[in-house]
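Contents: one structure, followed by commentary.
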Amino acid sequence: MCGIVGIVGKSPVNQIIYDGLTVLQHRGQDAAGIVTIDEGKFRLRKANGFVRDVFQEKHMQRLQGNMGIGHVRYPTAGSSSSSEAQPFYVNSPFGISLAHNGNLTNAADLREMLFKEARRHINTTSDSELLLNVLAHELCESQLRSLTSDDMFRAVRRLHQKVRGAYGVVSVIIGHGLLAFRDPFGIRPLVLGQRETELGVEYMVASESVALDIDGFTLVRDVAPGEAIYITENGELHTQQCFDSPTCVPCIFEYVYFARPDSTLNEVSVYGSRVKMGEYLGRKIKKEWSDLDIDVVIPVPETSCDIALQIAHELDLPYRQGFVKNRYVGRTFIMPGQAQRKKSVRRKLNTIEVEFKGKNVLLVDDSIVRGTTSEQIIEMARDAGAAKVYFASAAPEIRFPNVYGIDMPSPNELIAHGREVEEVADLIGADELIYQSLDDLVAAVSETNKTLTKFETSVFDGDYITGDITQDYLDSLDSARNDSAKVNKPKPLDTGLEMHNEGSTS
């Protein structure tokens, strides 16, 4: 899961992109990058680390230009090498830079096609570099001195025919403009915004609407599945549907966990959907678990706070904050190895003992993936004096690997895979374990947008919407991405590349 931003402005956009990336930091904490176009040349800065660490004043001063894109990276495979940081660029045709959120499921076939047919060399293991080269190849096929909007849209149409998987994309083309597009199923989010300035209208595309808000842009709408948005360097907006039969099947985990609560995706308030998750789960507990002697409802911060508050309301029970979160520790879910995740939980959370001592507590979390965090949180509650610890998950059992850009690759690392609920409860040490049903989760998210009739829910039901996922593919993904395959190399704080004669900044 990554975060992307793209802007065509009337004045320098470096600060706008930076601000947008800071509010998308939750989508990726491994690396960050910005590309701008200045006087017909790329200005690029990318490196491992948080946005605030990657971009210092000297870098921002060099990132001149009125058009650019940005990216925050969340790795799903291999080591966290700075060579995998985005955006990527190619020199031909014209000069294209691209940033991508998602995961391509036919990457091996694309790599072979690019080598044999397009004679293009791929320098990293990133499928984003593959996507960039597919786009460049399709634009090269136009064999024109300049590209019109129709040429752009034809290239995206051909790309959709070749590429499979989930992708939200922003790219900039020197001498032309910004091209953004979304996969035909709309699995990954992408929104369009605009703002009026004294110099004219500026346009922005981003993974979440919150990135528009921070920079004073108004949300116009979601980029439709299969649609391409082309904004010329002069600020002319062109849009076109580039797929014959698109359908909106967004990833439901965006609402459960990834997106910020103040974002709106696919015309659904993330905050509102989480309140509804709490409403549905509270009703289920009230109906099916009425015998539980719960004294207090406590969230596992922070995604589940709104959910837990609504559960407490439904059950007419006190809601309390029993954990204090250290906001300066990264997400354990994103960390590349199980050992590192285990070490970080207690650095991340601490208990307020008075809220646990002698009480039967209902802990509420957004989901249970590997179970490592849940087990340690329950242990912390018992250490703080809880008499009984019940655990509720706002998401159903996660039993299947994700192939569309979320780090849930190996079924053997998923605690609910091949196990009954009672077995999972025993493993994490809960007195009782309650999961949201998939039907209720879908109902909670779609309640404010009835046009959303289907979601990408493969981690719960094993139904892969792109229709191209085989067991061989899942086995190869498991081999490449499970914890034993991940390499934890030291991350340099200040590495990367400056272009246009700026030299190395390491």
Side-chain angles (χ1 to χ4, degrees), residues 1-7 9 13-36 45-55 59-60 63 68-76 80 84-88 97-103 128 166-172 178 180 182 187-193 195 203-220 222-223 229 250-251 253-266 268-271 302-303 327-328 330-331 333-334 404-407:
M1 193 67 61
C2 301
I4 56 176
V5 172
I7 302 173
V13 297
N14 51 357
Q15 188 65 50
I16 302 173
I17 297 174
Y18 177 94
D19 292 341
L21 293 181
T22 60
V23 296
L24 295 178
Q25 187 76 82
H26 60 285
R27 299 187 67 87
Q29 301 172 358
D30 180 69
I34 293 176
V35 161
T36 59
R45 167 63 182 171
K46 61 179 182 178
N48 281 347
F50 288 85
V51 174
R52 65 172 183 259
D53 299 322
V54 170
F55 302 103
H59 306 126
M60 296 298 289
L63 291 169
I69 59 176
H71 184 269
V72 286
R73 180 175 185 261
Y74 155 81
T76 55
S80 300
E84 305 283 315
Q86 298 183 44
F88 290 109
S97 183
L98 177 145
H100 160 227
N101 171 34
N103 185 64
S128 303
Y167 48 96
V169 174
V170 290
S171 62
V172 282
L178 183 147
R182 193 177 178 195
I187 299 171
R188 299 270 71 88
L190 196 62
V191 296
L192 170 68
R195 71 177 182 181
Y203 291 99
M204 180 175 180
V205 290
S207 293
E208 296 183 31
S209 64
V210 67
L212 309 179
D213 299 338
I214 195 70
D215 287 318
F217 283 75
T218 300
L219 174 63
V220 176
D222 295 273
V223 177
I229 304 286
C251 174
F253 225 79
E254 290 280 355
Y255 301 94
V256 171
Y257 180 80
F258 275 108
R260 273 181 45 147
D262 45 345
S263 283
T264 298
L265 304 176
N266 303 297
V268 174
S269 161
V270 176
Y271 167 79
E302 296 178 305
T303 314
R327 300 178 185 276
Y328 304 100
R331 282 185 171 185
F333 178 81
I334 294 176
Y404 300 123
I406 302 176
D407 192 16

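As the structure is a prediction and not an experimental result, all values here were calculated from the model.
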Query - Cys2 backbone acceptor or donor facing His71 side chain under 3.5 Å - result: no
Query raised in the report: So do Thr22 and Arg52 actually touch side chain to side chain, heavy atoms under 4.5 Å?
Result: no
Requested in this report: Nearest 0.5 Å please: distance from the CG atom of Leu63 over to the CD atom of Gln15.
Outcome: 10.5 Å
Report summary line: CZ of Phe217 to CD1 of Ile16, rounded to nearest 0.5 Å, is 5.0 Å
Requested in this report: Considering non-hydrogen atoms only, spot the tightest contact between Pro250 and Asn266 and give its length.
Outcome: CB-ND2, 3.4 Å
Requested in this report: Please report the closest heavy-atom contact between Ala180 and Val170, naming both atoms and the distance.
Outcome: CB-CG1, 4.2 Å
Query raised in the report: Is a side-chain donor or acceptor of Glu254 paired with a backbone partner of Tyr257 at a separation under 3.5 angstrom?
Result: no
**Report entry** Minimum-distance pair of heavy atoms, taken over all atoms of Val5 and Gly20
**Finding:** CG2-C, 4.2 Å
Query raised in the report: Hey, are the side chains of Asn101 and Pro189 touching, using non-hydrogen atoms and a 4.5 Å cut-off?
Result: yes
Query raised in the report: For the residue pair Leu178 and Gly68, what are the closest heavy atoms and their distance?
Result: CD1-O, 4.1 Å
Query raised in the report: Hey, does the side chain of Arg182 reach the backbone of Arg188 with a donor-acceptor pair shorter than 3.5 angstrom?
Result: yes
Would you give me the side-chain donor-acceptor pairs under 3.5 Å for residues 206-216, sequence neighbours excluded?
unit_1: Ser207; atom_1: OG; unit_2: Ile4; atom_2: N; d: 2.9
unit_1: Glu208; atom_1: OE1; unit_2: Arg260; atom_2: N; d: 3.0
unit_1: Glu208; atom_1: OE1; unit_2: Ser263; atom_2: OG; d: 2.7
unit_1: Glu208; atom_1: OE2; unit_2: His26; atom_2: NE2; d: 2.9
unit_1: Glu208; atom_1: OE2; unit_2: Arg27; atom_2: NH1; d: 2.8
unit_1: Ser209; atom_1: OG; unit_2: Thr264; atom_2: N; d: 2.7

Requested in this report: Could you tell me the separation between the OH atom of Tyr74 and the CG atom of Asp30, rounded to the nearest 0.5 Å?
Outcome: 11.0 Å
**Report entry** For Ser128 against Leu98, the heavy-atom pair lying closest together
**Finding:** O-CD2, 3.7 Å
Query - Side chains of Phe55 and Asn14 in contact at under 4.5 Å (non-hydrogen atoms) - result: no
Query raised in the report: Is a side-chain donor or acceptor of Gln25 paired with a backbone partner of Phe50 at a separation under 3.5 angstrom?
Result: no
Requested in this report: Find the distance between CE (Met60) and CD1 (Ile34) and round it off to the nearest 0.5 Å.
Outcome: 5.5 Å
Query raised in the report: Closest heavy-atom contact between Leu265 and Ala259?
Result: CD1-CB, 3.7 Å
Report summary line: In this structure, NE2 of His100 is separated from OH of Tyr167 (nearest 0.5 Å) by 9.0 Å
Query - Reported CD-to-CG distance for the pair Glu84 and Asn48, which is rounded to 0.5 angstrom - result: 10.0 Å
Query - Validation row: Cys251, Ile406 side chains within 4.5 angstrom (heavy atoms) - result: yes
Query raised in the report: Any side-chain heavy atom of Ile69 sitting closer than 4.5 Å to one from Ile17?
Result: no
Query raised in the report: Are the side chains of Lys46 and Gln86 in touch, meaning some heavy atoms are under 4.5 Å apart?
Result: no
